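Input: a single structure, listed below in structure tokens.
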Amino acid sequence: MPFEATNHPATPPFNRVWPEGFLWGSATAAAQVEGASHEGGKEDSVWDAFARVPGAIANGETLKDAVQHYHRMPQDVRIMKELGLDSYRFSTSWSRVRPGGRTANAEGLDFYSRLVDELLDAGILPWLTLYHWDLPQALEEKGGWANRDTAYRFVDYANDVYSALGDRVQHWTTFNEPFCSSLLGYAAGVHAPGRQEPEAAVAAIHHQHLAHGLVVNELRSRGAQQLGITLNLSNSIPRDSSDPVDLDAARRFDSLQNRIFLDPILRGAYPEDTLSDLEQFGIRDVIKPGDLDIIGASIDFLGVNHYHDDLISGHPTAEHGDGHSGGATRPTSSCWIGSDDISFPSRGLPRTAMDWEVNPDGLRKLLVRLGEEYPTLPPLYITENGAAYDDVVSPDGAVHDVERTQFVLDHITAVGAALDQGADVRGYFVWSLLDNFEWSWGYGKRFGVVRVDYDTFERTVKDSGLAYSRVIASAKASAAATVNA
């Protein structure tokens, strides 16, 4: 799915009439915001264990407190209501719901039940993600996602959550960004569990796909109506479209970033070039008869996480990395297994604090191209989009985050442009509601539209959050005016 960058005129978000029922939300992840890492019956996740590895997390920071969402959840829901959010996308922690991967923990499930009730009382739609990377460490010690049995243990966990919340939660996301929890966790070693084993990464990809399909079928049989998955997708743009080396590098990047996830879920098969590229790492060996029928189970929506797109070359360059090196000081490896010659030249675009290029039109192109490439594509939701910048608290106590504000507005504009071109996008969730634990970067990168003081845990809505709230209010006013016209 290679792309070429172009600009496309679009209507700014405040001047647009959005489709009826378009959802406006924000997102977080349990491990990044909850804290209470060993309270309420919760035991170690792979991230709790990984944070104790010397050099794994910037400044040796941990998830112990995160931003205390576990204890401050009602306050956070009030902030969501004040912002006018339609929906809150959150994840349940496997290591809180099934500590040690054993049996259901009633106290952990009660926290999520109270969260769902708070959201519904505030008129906010709960959007639940079952896996945002916090595998119980006890299951990792049995092989983790490289062990096929973990897929079946995921079904047990999903059933526990559905039994507790299925009467009130309509939208169920199986996995968030399996690219990260497989390739960054098992090949690069940048993310938990920190392994650098290409064969284990390939097995993890397939077993997470299998777990997704098993849970879709299981929860569907129990009456769930809205089931999907969230993938982090990028445009693969060859630096020189006349250079066979750059073209092949772009193909391989696209295979590992996009198609190895999209095709099994939406087509029921891995791409042939992906199978050939990864044959040396045992991909054909982990695929069992019937697996792809399970993995290809029909889904009701596809979540798209998008932060940047990528200019790709097969020629070496020292300009910039791939944005996945993280904050670790320990040695790591490439996540581009079998393709670690891929390089990422600069286009001279502005960059975020993550060193990611800013190209809002890339989101438009991605959404449009997905519809063109995948005939069975379900409705799309932008389940994460946002930017980290080095925020400064002004003397007036506010956070005037001009760059993030522009980033959010420009990307919402790009979503509108994609709608104009026929993309079936049903909602937008800004990442993130709160500043939080940014994985191997610890607390050094702030994505929130709400600032968190890491000493006092005080919350302050940033200018970007205020601007996003105005977009939501404008969209609802336009919708109401259309209905009453």
Side-chain angles (χ1 to χ4, degrees), residues 6-27 79-89 119 122-127 170-171 226 228 230 233 300-307 309 358-372 374 377-387 401-402 404-433 449 461-485:
T6 61
N7 291 316
H8 185 82
T11 305
F14 295 109
N15 300 333
R16 172 177 291 277
V17 176
W18 294 86
E20 183 179 358
F22 192 90
L23 280 182
W24 299 98
S26 190
I79 292 172
M80 297 176 212
K81 185 174 182 178
E82 290 168 5
L83 292 173
L85 300 187
D86 294 320
S87 185
Y88 174 52
R89 178 175 174 256
L119 292 169
I124 297 169
L125 179 74
W127 192 292
Q170 300 173 14
H171 294 80
Q226 289 290 317
T230 280
L233 303 173
D300 304 295
F301 63 86
L302 175 65
V304 175
N305 289 359
H306 184 76
Y307 293 90
D309 56 6
V358 178
N359 180 35
D361 194 58
L363 179 55
R364 175 193 64 82
K365 291 190 69 69
L366 173 64
L367 296 171
V368 172
R369 190 62 180 269
L370 285 169
E372 293 173 349
Y374 292 92
L377 188 72
L380 303 174
Y381 291 84
I382 310 303
T383 39
E384 290 182 25
N385 176 247
D401 53 339
V402 175
R404 182 181 296 104
T405 299
Q406 196 62 51
F407 183 101
V408 171
L409 294 178
D410 287 347
H411 282 78
I412 292 173
T413 298
V415 173
L419 285 166
D420 292 341
Q421 290 187 267
D424 186 7
V425 186
R426 306 283 181 91
Y428 174 92
F429 292 73
V430 70
W431 181 273
S432 170
L433 177 70
V449 296
V461 179
K462 304 176 188 179
D463 282 4
S464 57
L466 297 174
Y468 185 48
S469 183
R470 289 195 297 273
V471 169
I472 297 170
S474 174
K476 291 179 179 178
S478 295
T482 300
V483 169
N484 295 326

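Note that this is a predicted model, so its numbers are computed, not measured. Position 1 is the first residue of the sequence, and the numbers go up from there.
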Closest heavy-atom contact between [X] and [Y]?
| X | Y | answer |
| --- | --- | --- |
| Gly427 | Tyr381 | N-CD2, 3.5 Å |
| Trp18 | Ala475 | CD1-CB, 3.6 Å |
| Pro378 | Leu302 | CG-N, 3.8 Å |
| Arg16 | Ala417 | NH2-N, 3.9 Å |
| Leu367 | Ala423 | O-CB, 4.1 Å |
| Ile124 | Tyr88 | CG2-N, 3.6 Å |

Say you draw a straight line from [atom1] of [X] to [atom2] of [Y]; how long is it, rounded to the nearest 0.5 Å?
| X | Y | atom1 | atom2 | result |
| --- | --- | --- | --- | --- |
| Phe407 | Ile412 | CZ | CD1 | 10.5 Å |
| His411 | Asn385 | NE2 | CG | 5.0 Å |
| Gln421 | Arg369 | CD | CZ | 12.5 Å |

Would you say the side-chain atoms of [X] pair up with the backbone N or O of [Y], donor to acceptor, closer than 3.5 Å?
| X | Y | answer |
| --- | --- | --- |
| Thr405 | Ser464 | yes |
| Arg404 | Ala387 | yes |
| Ser469 | Gly465 | no |
| Thr413 | Leu409 | yes |
| Ser26 | Phe429 | no |

Could you walk me through whether His171 and Arg89 pass the side chain to side chain contact (heavy atoms under 4.5 Å, CB included) check? CA-CA 9 Å; His171 294 80; Arg89 178 175 174 256; over 6 Å; no
When Val304, Ile472, Val408 are each screened for side-chain contact (heavy atoms from CB on, under 4.5 Å) with Tyr428, the one that passes is Val408
Those residues at least two apart in sequence (or on a different chain) that pass side-chain contact (heavy atoms from CB on, under 4.5 Å) with Asp86 are Leu23, Trp24, Lys476
Sub-4.5 Å side-chain heavy-atom contact between [X] and [Y]:
| X | Y | answer |
| --- | --- | --- |
| Leu119 | Met80 | yes |
| Thr383 | Asn305 | yes |
| Leu363 | Ile382 | yes |
| Leu83 | Leu433 | yes |

With sequence neighbours left out, the residues meeting ring-ring contact (aromatic ring centres under 6.0 Å, His included) with His306 are none
Check your understanding: Charged N to carboxylate O below 4.0 Å: is that the case for Asp300 and Arg426?
Key -> no
* Mind running side chain to side chain contact (heavy atoms under 4.5 Å, CB included) on Val461 and Glu82 for me, showing each step along the way? => CA-CA 10 Å; Val461 179; Glu82 290 168 5; 5.5 Å; no
